[in-house]
Every structure is written in structure tokens, then in C-alpha cells.
Protein chains: 2
Amino acid sequence: MAIRTRTTAPRGDALSRQRIVEAAVELLDAEGEAGLTFRALSARLKTGPGAIYWHVANKDELLLAATDAVLATTGAGPDPRASPEETIRGVALGLFDAIDEHPWLAVQLSRSPWQSMTLRLFDRVGQQVQALGVPAAARFTSASALLIYILGAARQNAANARTQRPGADRTAILERESATWEGLDATEYPFLHDVAGQLRDHDDRAQFLAGVDLILAGIRAVAP
Amino acid sequence: MAIRTRTTAPRGDALSRQRIVEAAVELLDAEGEAGLTFRALSARLKTGPGAIYWHVANKDELLLAATDAVLATTGAGPDPRASPEETIRGVALGLFDAIDEHPWLAVQLSRSPWQSMTLRLFDRVGQQVQALGVPAAARFTSASALLIYILGAARQNAANARTQRPGADRTAILERESATWEGLDATEYPFLHDVAGQLRDHDDRAQFLAGVDLILAGIRAVAP
DNA sequence: ACCTGAACACCGTTCAAGT
DNA sequence: ACCTGAACACCGTTCAAGT
């Protein structure tokens with residue numbers, strides 16, 4: 001096969017939808033949602049803002065494409081040997097970690113529900129709920145409760161991470177927050193006051209999974 | 001007591017933090033988050049944008065104040081005769097309805113977790129979890145799972161409502177979505193394909209409460 | 001103390017003009 | 001077909017100047 005000439009081969013610096021989306025993801029990861037700007041993006045791609053509009057309709061479409069691109073690489077294929085519970089935990093952890101790595105994902109995922117990506121997730125969770133032996137009438141409720149919790153927790157975690165400076169000392173933050181809760185008026189915040197100590201050795205991931213297990217227990221209680 | 005003179009009494013059109021926040025809430029309710037602009041707000045208040053900055057530090061603080069103002073009027077006081085489950089359902093429904101009425105609330109509530117308002121909610125839910133007899137070690141997990149679900153579901157509902165044009169025919173939308181799901185490839189989306197029919201007479205509020213009950217069942221399963 | 005409104009440094013998006 | 005970059009209509013925020 002002949003070597004392509006320089007002029008017809010796609011050069012590394014040629015603009016393309018793919019290169020734009022890749023650069024957008026990099027920008028989102030590095031600077032957060034506020035960092036994704038058509039000007040910043042075009043500067044990084046060494047072109048003008050107008051050039052991007054040739055390949056992408058608008059910012060919404062760009063964000064959607066970035067979300068799809070990241071989620072496409074995430075989540076290992078389902079393991080047929082895994083139990084339904086394990087598969088659900090796998091999906092949940094995959095999303096949790098993806099959002100932990102790309103906090104801007106959370107906002108995108110819950111912005112347009114019933115979107116292709118969310119529907120795919122809903123179906124995957126629903127399949128496992130069915131495999132659990134949940135009767136047909138209770139499947140919709142079970143699957144939607146699971147997905148809502150998973151997305152909600154991952155989003156909350158992303159919001160927490162964004163509040164803190166990146167690279168901040170996690171232990172120190174929890175220590176400080178725990179002390180704050182302890183200092184709260186026990187009459188006004190009896191629960192927080194009581195539970196302040198548990199915050200000190202809090203593990204977000206473990207907490208997240210415990211919540212998933214709690215809902216799974218509820219589902220099992222309805223469909224034994 | 002003497003009648004106050006016109007000049008010292010706060011005239012109806014005098015600028016004040018309270019009037020600003022009230023106008024902000026009106027604007028948010030009518031036009032959504034994008035509608036809250038310092039220019040639109042100052043036009044409504046018949047003043048310049050700079051005047052607002054005398055009473056409010058910036059847009060973030062304004063959004064926070066608007067959120068507090070709306071949530072302060074929501075949620076009936078806790079009924080001491082109600083069971084813990086009933087109280088939790090009451091808190092959940094109160095939030096759900098508030099967010100249904102003011103969809104912009106959802107984004108605000110999960111933007112800054114560990115904020116005064118969210119902490120108060122967390123404490124209220126935690127108190128009821130304790131009243132349920134959940135052992136100390138499981139209380140944190142139970143309360144946070146509940147709150148994450150409640151906020152997540154309310155947000156999802158708000159996002160759904162925002163996608164649809166206000167005043168759109170709810171039945172028609174569900175009918176159309178149900179038909180879409182039915183038309184999906186049964187190999188790729190087996191669950192959605194199966195469950196499409198249930199979507200037709202779907203009640204968001206009932207669905208939401210069913211999810212709360214599911215988590216309550218899980219909590220009870222852990223702490224009988 | 002409080003308000004005014006022009007001005008600054010940004011946005012997303014468009015579009016005539018180029019190649 | 002694809003790119004350029006100035007221009008438009010917006011933002012949030014600041015600030016000298018007024019009362």
C-alpha cells in the first residue's frame with residue numbers, strides 16, 4: 001500500500017470533531033466547566049472560535065459529545081459470571097469513579113434525563129433487577145431508585161471534591177468538618193452532633209457502596 | 001403609638017436586601033436560572049445593576065439567599081404525633097413539591113453540600129432514622145442514603161419538567177415516550193422494551209414515594 | 001449611607017471574507 | 001469544504017461620581 005502523501009493524509013494538527021472533543025475533555029478536566037470556552041478551546045487548537053462551529057453546532061452539543069466520549073471508555077464490559085448484585089455494584093462503582101475523575105460529568109448526566117446515555121444505564125440496571133427475581137410490577141421502581149441514588153451520590157461526591165481545593169489534605173478536611181459538627185448546638189442539630197465522630201474516618205467510596213447495598217436490601221425485602 | 005412619618009417608614013419602593021431577594025425569586029420562577037440577571041433584576045427594581053451590589057455581595061450570595069428564602073416558607077413543622085416513617089415521607093414530599101414549584105432549587109441544593117440548609121435537612125432525616133431504632137453504626141449510612149435519594153429524585157423530576165414546555169400535556173408526553181421505549185430494539189434495551197407499558201400511567205409523585213419506601217424497607221431490614 | 005450608570009473584561013454565536 | 005477573526009449582543013462586576 002502506498003504511503004499517503006502529506007497533503008491528503010489527516011495531519012496531526014488538522015481540525016476535526018474528534019480533536020475538538022478531545023481538547024474539550026482535557027479543558028474540562030483541567031479547569032472545570034467554567035474553563036470550557038470557545039475562545040480557550042480555539043486557542044488550544046490554534047484556530048479561531050468560528051472554526052469550531054463548523055464541526056460542532058453549539059456548546060450544548062460539545063458538552064454532550066464530551067460526556068459520550070468519556071463514558072464510552074468507562075465501565076468494563078459486564079461479566080456474565082457475576083451475580084446481579086455484583087453487576088449492579090460494578091456499574092455503580094464505574095460511574096462513581098468516572099465522575100470522581102471527571103466531576104463535570106455529573107451535571108451533564110442529570111441535565112438531560114431520558115437521554116441515550118442515561119437510558120442505557122437505566123436498562124443495564126433494570127436487567128439486573130429483573131435477574132434478581134423482582135416481580136414485574138416492582139422492577140421500574142427498583143431500577144429507578146437505584147439509578148437515582150447512584151447518580152445522586154456520585155454527583156454529591158463530585159460537588160464535595162469541587163468545594164475542596166484539588167490536592168487538599170482529605171484527612172484534615174474531615175477532621176475540621178467533624179470538629180464543626182461536634183461544636184454544633186446539640187438541641188438544634190442533635191443528630192449531627194451525635195454522629196460527628198463517625199465523620200473522622202469516613203470513606204466516600206465505602207459509604208457510597210453501603211448505600212447501594214441498603215437499596216438492594218430494600219429491593220430484596222420487597223421481592224424475597 | 002404614633003404613626004410613622006412617610007419619610008422614615010420603609011417605603012414600598014425602597015431598595016432592600018429583602019426586596020431584591022423577593023424579586024430574584026420571582027425572576028427565577030418565571031424565567032429559570034438563565035433569567036436571573038443583574039440587568040433584568042435591576043430593571044424590575046427600577047434601578048441600576050450597581051445598586052444591587054450594595055445589598056448583595058455577588059450572584060452566588062443572591063442565589064443562596066433566594067434558596068433560603070424559599071425553603072424557609074416550605075415544609076410544615078414536624079408533627080410530634082407522626083411516626084418516624086411518616087415524618088420522613090413528609091420531609092421528602094415537602095422538598096419534592098418545593099422543587100417542583102421552583103425547579104432552580106435543585107441545582108442550588110446540591111451545589112454546596114454541607115451547607116446550612118442541607119445540614120438541617122440531614123439532621124432532620126437523621127433524627128427520624130434514630131427514632132426508627134437503627135443502631136448507631138448504621139445511622140449515618142441510612143440517613144445519607146435517604147437524603148441523597150430525596151434530593152436526587154427531586155432534581156431529576158425538576159430536570160424532566162424543564163425539558164418539557166410548561167403547560168405541556170403530561171399524558172401526551174408519557175404516551176410518546178412510552179411508544180419510543182416500545183420501539184427500542186429488544187436485544188439492546190430489553191428492560192426498557194419490557195417496561196415501556198408501565199410508563200403510560202406513570203405518577204412521578206407516587207414513584208418518588210415508592211422509592212423512599214424502598215429505602216425505608218432496606219433500613220428496616222438492616223435494623224429490624 | 002445609598003444609588004447611578006458608564007465601563008471593563010469577559011461570554012456564546014454569527015458571518016462576511018478568505019483559501 | 002473548511003477556516004479566519006472581527007463584530008454582535010449579551011454577561012458579572014467595578015467604580016467614579018452623584019445625592
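Proteins come first, then strands; the chains are lettered A, B, ... in the order of their sequence lines, and each starts at number 1. Keep in mind that the numbers below use all heavy atoms, side chains included, and drop hydrogens, waters and symmetry copies.
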Would you call [X] and [Y] a salt bridge, taking side-chain N to carboxylate O under 4.0 Å as the test?
X: R120(B); Y: D68(B); result: no
X: R17(A); Y: E61(A); result: yes
X: D100(A); Y: R205(A); result: no

Practice item. Would you indicate, yes or no, if dA1(C) has its OP1 or OP2 atom less than 4.0 angstrom from a side-chain nitrogen or oxygen of H55(B)? Key: no
Practice item. Ignoring backbone atoms, test whether W54(A) places a side-chain nitrogen or oxygen under 4.0 Å from the OP1 or OP2 oxygen of dC2(D). Key: yes
How long is the line joining [atom1] of [X] and [atom2] of [N], in whole Å?
X: R17(A); N: dC3(D); atom1: CZ; atom2: C1'; value: 18 Å
X: L41(B); N: dT13(D); atom1: CG; atom2: P; value: 12 Å
X: E31(A); N: dC10(C); atom1: CD; atom2: P; value: 14 Å
X: R39(A); N: dC8(D); atom1: CZ; atom2: P; value: 14 Å
X: D60(B); N: dC11(D); atom1: CG; atom2: P; value: 17 Å
X: K46(B); N: dC3(C); atom1: NZ; atom2: C1'; value: 16 Å
X: I52(B); N: dG12(D); atom1: CD1; atom2: P; value: 10 Å

[X], nearest nucleotide to its side chain (from [options]):
X: N58(A); options: dT13(C), dA6(C), dG12(D); result: dT13(C)
X: F38(A); options: dG12(C), dC3(D), dG5(D); result: dG12(C)
X: Y53(A); options: dT14(D), dT14(C), dC11(C); result: dT14(C)

Point to revise | Criterion side-chain contact (heavy atoms from CB on, under 4.5 Å) against W104(B), the qualifying member of L36(B), L109(B), T67(B), I99(B) | key: T67(B)
Exercise for review: Would you mind pulling out the nucleotide paired to dA6(C), Watson-Crick or G-U wobble, both distances under 3.5 Å?
Suggested key: dT14(D)
Point to revise | Nearest-nucleotide comparison on DNA chain D, the residue closer to the 5′ end among A51(B) and K59(B) | key: K59(B)
Exercise for review: Using a 4.0 Å heavy-atom cut-off across all strands, classify L36(B) as base, sugar-phosphate, or nothing.
Suggested key: sugar-phosphate
Exercise for review: Would you please classify the geometry between the Y53(B) ring and the F38(B) ring as parallel, tilted or perpendicular, with 30° and 60° separating the classes?
Suggested key: parallel
